[in-house]
Amino acid sequence: MTSEEVLHKADFDAIYDQPDPRAYYSTLRKLDYAIPQRGAEIFTDLLDVRPSNGGGPFKVLDVCCSYGVVATLMRTDLEMSDIYEHYAAPGAQSLTPEELNDVDRQFLMEHSKPGAPELVGLDLAQRAVDYAVASGALDVGFAENLEVDDPSPQLAAQLEGVDLITTTGGVGYVTDQTFDRLLAVAPDTAWVAAFCLRTYDYDPIAQSLEARGLSTERVAHTFRQRRFIGADEQQWAVAEVQSRGVDPTGKEEDGYFHADCFLSRPASEVDQRPLAELLPGLA
């Protein structure tokens, strides 16, 4: 982020790498943070219509996974409201992080869905990733910075079999550098599904993906991410959107961050079946 963005967009770094996710969920619940729910639904729908990978579960890499919220929603019958209630319950407040992790592991097992994909997480926050793996939200996770380094051999090995790369809140923290490094290792058949706040320009990432043979389509409508934390953040967002030639009426001007959803696939697949036909409910 630029220094200007840090001054105007709320900084949640303090809640992203705690020993457990209680502060993360309690803070974001107050702001109606809902984008992981829509992301998990769309990512699941995409796997339902994706060409077969030859048997076995699909593999998903979630970029900027934090505590594995998208993974939790994809592998269980839980919704965001259930997760918020779970962590706000009186009994959860007195537990140690280790005790809470044991409770979470059982909670996720009780709500698991058959046929869930294999879920791999990537984030800078080591403790958040470790918690997500220990609780069973993620099958495996990596705390690596692909803005500056190539994937580790262990992450590269996971990427060799990935079917879908996702992010619901990463763009702005990660750039085309991260996606270029991911696609250098991932198979040519991998899809990329990303939500990008309208305050940020997705074109550099789309161009990087195009250089790897992936064509990008955008869903026609936008998705609420969360409420603004205050007037200053809203003013910054409205100004950023307008500077990009985008109209904030009915969206950022109404008090919420809005995100576009992009899907990138091999160009031949897009030609054969455009997004409007692939998932007509999003048209």
Exercise. How are the rings of H221 and F223 set relative to one another: parallel (under 30°), tilted (30 to 60°) or perpendicular (over 60°)?
Worked result: tilted

Exercise. Of L119, L159, V120, I165, which is the lone residue that meets side chain to side chain contact (heavy atoms under 4.5 Å, CB included) with K59?
Worked result: V120

Problem set entry | Under 3.5 Å: donor-acceptor pair, side chain of D82, backbone of E79 | yes

For this session: Using a strict cut-off of less than 4.0 Å between a Lys/Arg side-chain nitrogen and an Asp/Glu carboxylate oxygen, indicate whether D188 and R212 qualify as a salt bridge.
Result: no

Exercise. Are S215 and E210 close enough that a side-chain donor and a side-chain acceptor fall under 3.5 Å?
Worked result: no

For this session: Find out whether P21 and Y131 are in side-chain contact, i.e. whether some heavy atom of one side chain is under 4.5 Å from a heavy atom of the other.
Result: yes

Problem set entry | Salt bridge E85-R29, side-chain N to carboxylate O under 4.0 Å | yes

Problem set entry | Residues D102 and R105 bridged, charged N to O under 4.0 Å | yes

Exercise. If you measure only the distance, is there a donor-acceptor pair under 3.5 Å linking the side chains of Q207 and D203?
Worked result: no

Problem set entry | No-hydrogen, no-angle side-chain donor-acceptor test under 3.5 Å, K251 and T222 | yes

For this session: Please examine the side chains of F228 and E252, heavy atoms only from C-beta on, and report whether any two atoms are closer than 4.5 Å.
Result: yes

Exercise. How about D123 and S66: does a side-chain donor come under 3.5 Å of a side-chain acceptor?
Worked result: no

Exercise. Is there a donor-acceptor contact under 3.5 Å linking the side chains of D32 and Y256?
Worked result: yes

Problem set entry | Donor on one side chain, acceptor on other, Q154 and Q158, under 3.5 Å | no

Exercise. P117 versus L47: any side-chain heavy-atom pair under 4.5 Å?
Worked result: yes

For this session: State, yes or no, whether a side-chain contact exists between T72 and I83 at a heavy-atom distance under 4.5 Å.
Result: yes

Exercise. Should V60 and V162 count as side-chain neighbours, where that means a heavy-atom distance under 4.5 Å?
Worked result: no

Exercise. Any sub-3.5 Å donor-acceptor pair from E269's side-chain atoms to T189's backbone N or O?
Worked result: no

Exercise. Under the side-chain hydrogen bond (donor to acceptor under 3.5 Å, both in side chains) criterion, do D104 and Y87 qualify, and how do the steps go?
Worked result: CA-CA 9 Å; D104 287 353; Y87 287 105; 2.6 Å; yes

Exercise. Do V69 and T168 come close enough that some side-chain heavy atom pair is under 4.5 Å?
Worked result: no

Exercise. Counting distance only, does the side-chain N/O of E240 pair as donor-acceptor with the main-chain N or O of W236 below 3.5 Å?
Worked result: no

Exercise. Does a salt bridge link R75 with E118, judged by any charged N lying under 4.0 Å from a carboxylate O?
Worked result: no

Problem set entry | Any side-chain heavy-atom pair of R50 and W191 under 4.5 Å | yes

Problem set entry | R38, R198, R218 screened by salt bridge (charged side-chain N to carboxylate O under 4.0 Å, His left out) with D260, the one that passes | R218

Problem set entry | Close side-chain approach of H258 to L197, heavy-atom, < 4.5 Å | no

For this session: Report yes or no: does E217 contribute a side-chain atom to a donor-acceptor pair with the main-chain N or O of L275 at less than 3.5 Å?
Result: yes

